[in-house]
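To start, the structure under review is shown below, and the notes come after it.
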Amino acid sequence: MWDLGVEGGTLVTRMGLIRANLYVQGEKLGAISVERQRSHRSLDARERLVLPGVIDTHLHSRDPGLTYKEDFDHATRAAAFGGVTTVLEMPNCLPPVTDLGSFEARRAHLLPQAHVDFGLWALALGDANLAELPRLAAAGACGFKLFWGYALDRRTLALVYNPAPDDDVVPPPDDAGLLRLMDAVQATGRPLAIHAEHRGLNAALIAGVDPDAPDTYAEFLRTRPALTEAVAVETACRLAQATGVALHIVHLTAADSVDVIRAARARGVDVTAETCPQYITLSDEDFPRVGPLMKVYPPVRTVADQSALRRGLADGTIAYVASDHAPHATHEKQGSLWTAPAGTPVVETMLPLFLRLVSQGVFTLEDVARLLSYAPARRFGLYPRKGALEPGSDADLVIVNPDHPWTIRAAAAHSKHPLSPWEGETVPMAVETTVVRGQVVVADGELQTPGAGTFLRFGAPLS
Ligand code: NCD
Ligand code: ZN
Ligand code: ZN
């Protein structure tokens with residue numbers, strides 16, 4: 001007798017669609033069978049799609065420290081309602097995760113609030129915390145994150161979004177510092193994730209802006225052009241090639257950078273890249289409608305960039321999609337494009353937006369299983385424990401109604417602030433049920449099992 005059956009649905013795998021029932025024993029998927037079997041509890045998935053739970057490797061919950069923007073309870077609740085069953089949490093909370101003490105404190109602080117499974121990134125400062133990296137890896141950090149392109153506040157190590165010339169900041173490492181960092185990360189065996197924007201170029205372009213100039217999106221894009229991303233990605237790929245580090249470029253935005261990644265991968269460099277829903281569904285043309293809510297770093301660019309990113313995902317140059325869920329308070333995202341902090345809430349709408357791209361013929365359902373679950377799981381060593389509907393894997397799955405159009409309303413969503421760059425847009429399919437390790441976390445529009453998430457200690461045997 002199985003614990004749970006998911007019956008009558010169409011299973012979406014990266015290899016194709018299968019009409020079959022799923023059976024769960026405890027936390028694991030036990031069987032996929034065309035025949036019905038007996039189970040204590042059953043979920044009716046007739047006329048529904050059953051997808052592997054989404055793995056979001058790029059989430060900023062702000063917790064602890066900046067919880068007026070978002071917190072882990074809200075972020076993982078939003079994740080669960082969006083069909084996301086695993087999140088990898090970014091280290092730029094306050095205090096940031098820079099050493100073993102802050103890592104362990106954060107793990108303990110987040111665990112009781114976790115509605116989905118989670119792993120933790122550690123912050124790479126460059127030389128300032130090189131010696132801590134082995135300890136952070138041993139504690140189970142999923143990887144190291146370098147915010148290359150931001151300055152950090154010298155006192156708090158918070159990201160400085162719009163640095164003024166006289167701010168007291170720690171600049172990001174120079175190329176030689178990055179080489180040392182890559183050697184140190186390579187020795188841990190974990191990936192190095194890089195926010196790739198060339199700070200020197202950005203700073204020079206921003207310094208050239210007339211403070212009285214209108215804050216148009218075109219002017220904003222001129223201060224952070226594709227060039228600054230492509231140069232940073234190229235440098236990172238070359239240094240990764242020299243050191244052998246596993247390099248992951250977060251939130252790729254520019255057609256030029258797709259070309260850089262394609263060439264590096266062809267040379268055999270161990271580099272992967274992600275892009276995000278905002279870059280493949282929005283463009284500069286949306287700014288008059290959406291406003292500063294779509295201000296993110298690096299910026300949303302042109303329709304031509306959007307097309308190149310979509311092609312990069314389709315042909316495997318870009319490995320997968322992550323949310324870069326980075327909420328700010330409502331008042332912070334109003335007003336000037338220059339002064340608003342960068343970042344916007346995404347995690348709850350990521351899968352629905354992707355399903356809309358499927359209905360528009362841009363991607364297939366198999367692509368969704370690959371780009372939102374399997375490929376991120378592969379890159380972080382989570383597969384086969386996670387990332388696919390396979391016997392023996394964790395029972396992480398999402399039931400989607402493929403014939404249920406609904407309108408995105410941030411006020412009805414689950415992040416702390418009711419904001420969405422996709423407010424009022426209609427998507428054709430709805431996430432109905434989310435199961436995390438066999439526990440029904442979301443069903444019937446309610447959070448059924450609060451606190452179901454567990455901490456994923458990377459590096460330990462994960463199955
Ligand atoms: C992120 C944030 O606010 O933490 N903002 C953003 O615009 N993407 C930081 C980041 O991912 O660069
Ligand atoms: Zn970033
Ligand atoms: Zn981010």
Side-chain angles (χ1 to χ4, degrees), residues 56-72 75 79 87-97 119-124 142-153 156-163 172 191-199 202 206 217 220-221 223-224 228-229 232-233 236 247-254 257 273-280 282 287 290-301 320-330 332-333 337-347 350 376 415-417 419 421:
D56 184 6
T57 66
H58 192 156
L59 184 97
H60 303 266
S61 79
R62 314 302 193 192
D63 199 348
L66 294 165
T67 49
Y68 72 96
K69 297 175 191 268
E70 183 73 312
D71 58 34
F72 206 54
V87 298
L88 302 186
E89 172 62 31
M90 283 293 169
N92 59 321
C93 52
L94 290 181
V97 179
L120 291 181
W121 287 95
L123 186 64
C142 62
F144 298 96
K145 171 71 184 285
L146 173 65
F147 288 92
W148 209 35
Y150 286 94
L152 302 179
D153 181 285
T156 63
L157 296 181
L159 293 188
V160 181
Y161 293 94
N162 307 302
L192 177 66
I194 296 192
H195 171 119
E197 284 186 288
H198 193 288
R199 177 141 184 275
N202 277 356
I206 290 165
Y217 200 79
F220 171 56
L221 277 184
T223 63
R224 307 183 90 91
T228 70
E229 183 180 272
V233 173
L247 173 65
H248 179 69
I249 305 291
V250 295
H251 49 43
L252 210 70
T253 69
S257 316
E274 77 193 22
T275 189
C276 313
Q278 46 278 36
Y279 303 118
I280 53 173
L282 299 172
F287 183 75
V290 181
L293 201 49
M294 68 176 251
K295 176 181 176 182
V296 291
Y297 290 163
V300 170
R301 303 187 190 279
Y320 67 84
V321 175
S323 76
D324 193 15
H325 179 76
H328 296 283
T330 304
E332 293 175 312
K333 290 301 276 183
L337 183 56
W338 293 130
T339 55
T344 204
V346 181
V347 69
M350 176 159 71
S415 275
K416 201 160 210 172
H417 291 273
L419 301 172

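Fair warning: this is a prediction, and the values are worked out from it, not measured in the lab. Counting starts at 1 for both ligands and their atoms, following the listed order.
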Nearest to atom 7 (O) of ligand 1, what protein heavy atom do you find, and at what distance? Y297 N, 2.9 Å
R62 contact mode with ligand 1 (heavy-atom cut-off under 4.0 Å): side chain
I'd like to know whether T253 forms a side chain to side chain donor-acceptor pair (under 3.5 Å) with E229, so could you lay out the CA-CA distance, the side-chain angles of the two residues, the decisive distance to 0.1 Å, and finally the verdict. CA-CA 8 Å; T253 69; E229 183 180 272; 2.7 Å; yes
Give me the residue, atom name and distance of the protein heavy atom closest to atom 12 (O) of ligand 1. Y150 OH, 2.7 Å
Does a side-chain heavy-atom distance below 4.5 Å link W338 with N162? no
Considering only heavy atoms from C-beta outward, does the side chain of P299 approach that of E197 to under 4.5 Å? yes
For K295, which part has a heavy atom under 4.0 Å from ligand 1: side chain, backbone, both, or neither? neither
Is it true that the side chains of H248 and Y320 contain a donor and an acceptor less than 3.5 Å apart? yes
Contact between H58 and ligand 1, counting heavy atoms under 4.0 Å? yes
Aromatic rings Y150 and Y161: how do their planes relate, parallel, tilted or perpendicular, breaks at 30° and 60°? perpendicular
Closest non-hydrogen protein atom to atom 5 (N) of ligand 1, residue and atom name please, with distance? A342 O, 3.2 Å
For atom 3 (O) of ligand 1, what's the nearest protein heavy-atom neighbour? Residue, atom name and distance, please. Y161 OH, 2.5 Å
Sum up the protein N, O or S atoms located under 2.8 Å from the Zn ion (ligand 3). 3
Just so I know, are the side chains of V300 and F287 near enough to count as touching, which here means a heavy-atom distance under 4.5 Å? no
Close aromatic pair by centroid cut-off 6.0 Å: H328 and H417: no
Would you mind telling me if ligand 1 is within reach of the side chain of T344, the backbone, both or neither, using heavy atoms under 4.0 Å? neither
